[in-house]
Amino acid sequence: MATLIFNIKQLVNVRSSWSLLHGDELAKLPCINNAYLILDGETIASYGKMEELKYDPSTFTDRFDTTGKLVMPSWCDSHTHLVFTGSRDEEFRDKINGLSYADIAAKGGGILNSAKKLAATSEDELFNQSYNRLKEVIGLGTGAIEIKSGYGLTVDSEMKMLRVIKRLKKASKIPIKATFLGAHAFPAEFKNDHDAYIDLIINKMLPQIAGEGLADYIDVFCENGFFSPAQMEQICLAGKGYGLKPKLHVNQLNSIGGIQKGIELSAVSLDHLEIMNDEDVQIVASAKTTVGTLLPTAAFFLRMNYQPARKLIDAGCAISLASDYNPGSSPSGNMNFVAALSCIQMRMLPEEAINAATINGAYAMELQDEVGSISIGKKANLIVTKEVPSLTFLPYSFGTNLIERVMLCGEWVS
Ligand code: NIG
Ligand code: FE
């Protein structure tokens with residue numbers, strides 16, 4: 001059944017072919033003004049300029065007049081921790097009073113705090129809370145998402161998280177990629193025996209997760225006080241043995257060699273990148289297929305320096321933008337705010353922000369042939385904006401909800 005969207009003020013990110021965008025390619029955002037879009041079932045069937053529309057709009061039973069509005073591909077949020085229990089609002093006060101992310105973690109708060117709560121939550125309850133968050137971000141325009149484990153840190157709880165992600169994949173039309181992040185923190189009982197926890201990840205968690213087909217990727221939090229580059233390598237090589245490619249947390253708090261190691265491991269993406277020295281930037285720039293994923297809302301919430309987006313783009317890196325939705329460093333999965341922050345605080349152009357949060361985000365989940373642009377044959381996962389004066393108005397008017405409706409797989413989401 002065909003649907004027509006017509007009188008589109010601007011159809012955004014229209015591509016007949018696509019590749020991972022590096023450096024100055026990010027500023028080129030192909031658009032069609034005064035356009036139409038035809039959907040056939042779940043997919044995009046055709047598009048063009050209104051004056052080239054061969055059919056009378058009245059012949060379509062499903063037709064939508066979008067005069068004054070933009071139509072864009074949905075956001076592709078390639079880094080989230082959306083499955084968690086409760087919140088960490090109690091730590092918010094500590095943060096306001098001056099404690100750093102590392103201080104809170106050292107006090108037994110942070111990731112271990114979320115892990116304790118998750119252990120005491122049933123799988124059904126965890127699913128319900130997570131499904132509500134997923135529905136929330138879909139309403140905010142997210143149309144493809146990656147979700148990590150990592151608040152389990154025991155065999156049972158990591159499995160519980162990944163089973164919840166599997167249930168989310170079934171319950172929702174949105175494409176979801178699952179990442180195993182057992183190496184998110186060392187549990188208290190392994191404080192003095194890190195090797196034993198790594199052994200548990202490699203020899204107990206990984207075989208079960210792979211046995212049930214619960215993960216698409218493997219992740220490690222490579223940071224002082226967490227996992228070293230050598231430990232990350234050991235865990236990723238074991239994951240690769242089960243077909244799990246790395247998507248990694250590196251350079252959030254320190255530059256300790258995670259970038260170099262991540263490239264050697266052919267990571268699909270290297271994420272965070274707040275703390276980058278010149279050599280780190282050059283290494284990311286020299287990568288052909290690895291995406292550098294920037295998470296500005298984490299820097300915003302932790303009151304840290306933003307990722308050096310301009311330096312990375314000017315050096316020729318392929319970058320994407322993601323929300324990092326999690327209770328500790330980014331309790332928001334709003335990709336509209338992520339795009340706005342990237343423009344306001346990281347000096348990305350609106351075109352760069354939209355490319356980074358759509359097509360390059362799709363590459364960071366290896367979903368580039370399904371989503372991330374307006375292309376024939378891709379899924380009809382779309383954002384229709386309210387009436388706006390321009391595309392620039394979207395990140396400029398940060399905090400205002402400018403989304404009128406969203407579509408997943410050819411169906412409007414209510
Ligand atoms: O990406 N830094 C590691 N992981 C998350 C935060 C996890 C947490 O604090 O709960 C992040 O920022
Ligand atoms: Fe994260």
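First listed ligand is number 1; within each ligand, the first listed atom is number 1. Model, not experiment: these values are computed from the prediction.
At a cut-off of 3.5 Å, with distance as the only test, a side-chain donor of D89 or S87 sits close to an acceptor on the other residue. Side-chain contact of N355 with N13: a donor-acceptor pair under 3.5 Å is present, judged by distance alone.
In the vicinity of H249, heavy-atom distances shorter than 4.0 Å reach the ligand 1 atoms 1 (O), 3 (C), 4 (N), 11 (C). Close contacts between ligand 1 and R88 involve ligand atoms 8 (C), 9 (O), 10 (O) [criterion: under 4.0 Å to a heavy atom]. Every atom of ligand 1 with a heavy atom of I111 under 4.0 Å away is listed here by number and element: 7 (C), 8 (C), 9 (O), 10 (O). Residue H81 approaches ligand 1 through these ligand atoms, each under 4.0 Å from one of its heavy atoms: 1 (O), 4 (N), 5 (C), 11 (C). The contact set between ligand 1 and Y101, taken as ligand atoms under 4.0 Å from a residue heavy atom, comprises 2 (N), 3 (C), 6 (C), 7 (C), 8 (C), 9 (O).
For the Fe ion (ligand 2), the N/O/S atoms of H272 include none lying under 2.8 Å. Taking backbone and side chain together, D271 holds no N, O or S atom under 2.8 Å from the Fe ion (ligand 2).
As for D324, its N/O/S atom nearest the Fe ion (ligand 2) is the one called OD1. Between the Fe ion (ligand 2) and the N, O or S atoms of H249, the shortest distance is to NE2. The Fe ion (ligand 2) lies closest to atom NE2 when only the N/O/S atoms of H81 are considered.
For atom 12 (O) of ligand 1, the closest non-hydrogen atom of the protein is S329 OG, 2.5 Å. Nearest protein neighbour of atom 11 (C) of ligand 1, counting heavy atoms only, is D324 OD2, 3.1 Å. Among all protein heavy atoms, the one lying closest to atom 2 (N) of ligand 1 is Q252 OE1, 2.7 Å. In terms of protein heavy-atom proximity, atom 4 (N) of ligand 1 is closest to H184 NE2, 2.8 Å.
Between D199 and K204 no salt bridge is recorded (no basic side-chain N to carboxylate O distance below 4.0 Å). Between E387 and K69, none of the side-chain N atoms (NZ, or NE/NH1/NH2) sits under 4.0 Å from a carboxylate O, so this pair counts as no salt bridge. Contact check on D219 versus K148 returns a salt bridge, with a Lys/Arg side-chain nitrogen under 4.0 Å from an Asp/Glu carboxylate oxygen. The pair K166-E123 fails the salt-bridge criterion, with no side-chain N (NZ, NE, NH1 or NH2) lying under 4.0 Å from an Asp/Glu carboxylate O.
Of the candidates D271, I259, I256, L270, N251 forms a side chain to side chain contact (heavy atoms under 4.5 Å, CB included) with just one, namely I259.
Ligand 1 has a nitrogen or oxygen under 3.5 angstrom from a nitrogen or oxygen of H272.
Counting heavy atoms only, Y151 comes closest to atom 7 (C) of ligand 1 of the residues Y151, F226, F84, F221.
With contacts defined as side-chain heavy-atom distances shorter than 4.5 Å, the pair V268/E366 qualifies.
R163 forms no cation-pi arrangement with F127, by the criterion of a distance under 6.0 Å to the ring centre and an angle within 45° of the ring axis. A cation-pi arrangement is absent between K240 and Y242, since the terminal nitrogen or guanidinium carbon is not both under 6.0 Å from the aromatic centre and inside a 45° cone about the axis.
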